[in-house]
Amino acid sequence: MNFNGNFNNIADSYLFAEVAKRVAAYTQAHPDKKVIKLGIGDVTLPLVPEVIKALHGAVDDMAKQDTFKGYGPYEGYDFLRESIRSYYAAVGVKLDMDEIFVSDGAKSDLGNILDIFSADNTVLVPDPVYPVYVDTNLMAGRKVLFADATEKNGFLPMPDYSVDADIIYICSPNNPTGAAYDKAQLKEWVDYANKKNAVILYDAAYECFVSDDALVRSIFQIDGAKTCAIEFCSFSKIAGFTGTRCGYTVVPKALKKDGYNPNKAWLRRQSTKFNGVPYIVQKGAAAVFTEKGMKEIKQNLSYYMHNAKVIADCMDDLGIWYTGGKNSPYIWLKCPRGMGSWEFFDYLLNNAQVVGTPGAGFGKCGEGYFRLTAFGSKENTKEAVERIKALLK
Ligand code: PLP
């Protein structure tokens with residue numbers, strides 16, 4: 001018997017643990033100080049009334065003989081997949097029902113999708129990056145290459161034809177950098193993937209924050225994407241489902257290679273290892289796409305985007321370089337005065353009692369940068385920004 005030795009190749013996940021440790025030490029030493037946390041990417045506003053109503057209704061369904069539900073379809077109930085299909089249709093993307101798969105969140109699917117790929121594929125991920133892409137591939141023993149995201153390329157690396165990759169991860173708008181590719185840039189990636197016979201795993205978890213017409217909500221808005229991309233999305237950020245758990249993945253039927261059908265393979269994978277998302281949760285998720293639900297959701301999104309603007313305006317005032325904040329709830333800033341990521345973390349904590357996330361925790365290119373999030377309360381965001389301004393002006 002041998003365990004999977006690849007686990008020995010994965011760095012200990014210490015970023016948020018280290019952040020929590022330093023904050024705990026500070027608050028213990030300074031119990032009188034109010035610390036404001038703009039670090040973690042979790043939402044804070046509660047579920048909207050229309051979703052809550054749907055959840056309650058679904059609980060009642062489970063109490064009655066004629067509406068009770070047992071195991072559901074592996075790929076999700078038709079009522080939710082229909083709503084997702086209409087959501088895509090609204091941005092001009094036509095999908096068949098059997099291209100949409102409901103899951104318990106984007107993180108699970110981003111990891112699980114690797115079951116349908118061979119272990120000898122080479123993977124290309126941007127640096128800095130959402131750590132799930134790297135760790136899940138290292139666990140399976142794949143070779144991982146990095147595309148450097150830097151200030152010079154606006155934290156949006158472009159394809160390099162001298163690099164041969166089989167699986168390419170793109171997250172736009174990006175976590176942690178908040179940067180978002182425009183249509184022309186994504187078209188370059190799609191052309192590269194089609195040419196190289198590669199697949200793009202497109203993480204659209206933050207699509208709901210896109211307001212700029214030059215950007216897209218889905219990679220399938222780009223010509224040629226259906227033959228090279230799989231898209232992952234989530235109810236976490238759009239509707240505050242981080243604790244409720246629901247997401248979806250689109251595997252186009254046009255994506256095929258040498259007789260291998262990834263759409264069929266993914267259904268086979270899901271039906272073998274996954275027994276579906278609770279009916280109650282799917283009912284809540286479907287309410288997101290109703291007219292009333294979406295109206296309420298949009299109020300929450302603009303609440304967060306107002307916070308993002310408050311933080312971005314502060315950086316503008318201070319003359320600090322940053323990405324994000326416009327089509328994204330993240331502001332990725334260059335640490336002032338040449339400080340390193342952890343150095344700035346300590347400086348901000350000790351002198352302004354504001355907590356962010358050190359960019360170095362997301363990859364080597366993140367060193368010297370820092371992430372602030374718009375997911376805090378309006379009052380705390382305003383207070384944090386005032387403190388940052390007073391400290392750095
Ligand atoms: N993808 C990105 C880029 C994220 O930042 C997150 C969560 O923060 C996820 C996926 C996870 O989404 P979910 O809550 O649906 O698992």
Side-chain angles (χ1 to χ4, degrees), residues 13 15-16 19 37-45 47 51 76 80 84 87 100-114 125-137 147 149 155-156 167-181 200-210 215 217-219 229-250 270 274 276-278 281-282 284-285 288 297 300-301 304 308 323-325 327-332 356-357 359 361-363 366 371-376:
S13 162
L15 176 63
F16 289 103
V19 166
K37 294 180 185 168
L38 298 183
I40 245 144
D42 201 355
V43 294
T44 50
L45 292 172
L47 299 176
V51 168
L80 178 54
I84 295 168
Y87 187 61
I100 302 167
F101 299 84
V102 173
S103 74
D104 63 348
K107 188 179 193 176
S108 323
D109 279 7
L110 281 158
N112 294 336
I113 197 76
L114 296 175
V125 294
D127 172 4
V129 69
Y130 177 55
V132 172
Y133 312 152
V134 179
D135 291 351
T136 50
N137 278 290
F155 282 91
L156 294 169
I167 301 174
I168 301 155
Y169 285 84
I170 296 180
C171 174
S172 181
N174 189 272
N175 177 17
T177 70
Y181 285 107
I200 294 174
L201 301 184
Y202 189 81
D203 187 343
Y206 295 92
E207 58 77 31
C208 56
F209 295 99
V210 167
L215 308 181
R217 309 283 290 263
S218 161
I219 187 132
I230 295 175
E231 180 159 293
F232 303 84
C233 204
S234 168
F235 289 93
S236 286
K237 311 296 156 134
I238 188 174
F241 272 51
T242 51
T244 309
R245 309 304 308 144
C246 198
Y248 50 94
T249 290
V250 175
Q270 290 296 78
F274 182 61
V277 178
V281 171
Q282 292 194 54
V288 169
I297 296 273
N300 284 4
L301 295 177
Y304 292 136
T323 51
N327 294 285
S328 157
Y330 297 120
I331 289 89
W332 176 256
T357 311
F362 297 102
R371 191 189 75 174
L372 291 173
T373 89
F375 288 127

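In listed order, ligands and their atoms are each counted from 1.
A donor-acceptor contact closer than 3.5 angstrom is absent between the side chains of Y169 and Y130. No hydrogens or angles considered: a donor-acceptor pair under 3.5 Å links the side chains of E207 and Y87.
For S103, the side chain to side chain donor-acceptor pair (under 3.5 Å) test picks out D109, with sequence neighbours left out. Remark: F232 pairs with no residue by the ring-ring contact (aromatic ring centres under 6.0 Å, His included) rule, at least two apart or across chains. Under the ring-ring contact (aromatic ring centres under 6.0 Å, His included) criterion, F362 pairs with no residue at all, not counting sequence neighbours.
Ring-plane geometry between F235 and F241 is classed as tilted, the angle between the planes lying from 30 to 60 degrees on a 0 to 90 degree scale.
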Close N/O pairs between ligand 1 and protein, under 3.5 Å:
residue: ligand 1; atom: 1 (N); partner: D203; partner atom: OD1; Å: 3.4
residue: ligand 1; atom: 1 (N); partner: D203; partner atom: OD2; Å: 2.6
residue: ligand 1; atom: 5 (O); partner: N175; partner atom: ND2; Å: 2.7
residue: ligand 1; atom: 5 (O); partner: Y206; partner atom: OH; Å: 2.6
residue: ligand 1; atom: 8 (O); partner: Y206; partner atom: OH; Å: 3.4
residue: ligand 1; atom: 8 (O); partner: K237; partner atom: NZ; Å: 2.8
residue: ligand 1; atom: 14 (O); partner: S236; partner atom: OG; Å: 2.6
residue: ligand 1; atom: 14 (O); partner: R245; partner atom: NH1; Å: 2.9
residue: ligand 1; atom: 15 (O); partner: A106; partner atom: N; Å: 2.8
residue: ligand 1; atom: 15 (O); partner: S234; partner atom: OG; Å: 2.6
residue: ligand 1; atom: 15 (O); partner: S236; partner atom: OG; Å: 3.4
residue: ligand 1; atom: 16 (O); partner: A106; partner atom: N; Å: 3.3
residue: ligand 1; atom: 16 (O); partner: K107; partner atom: N; Å: 2.9
residue: ligand 1; atom: 16 (O); partner: R245; partner atom: NH2; Å: 2.8

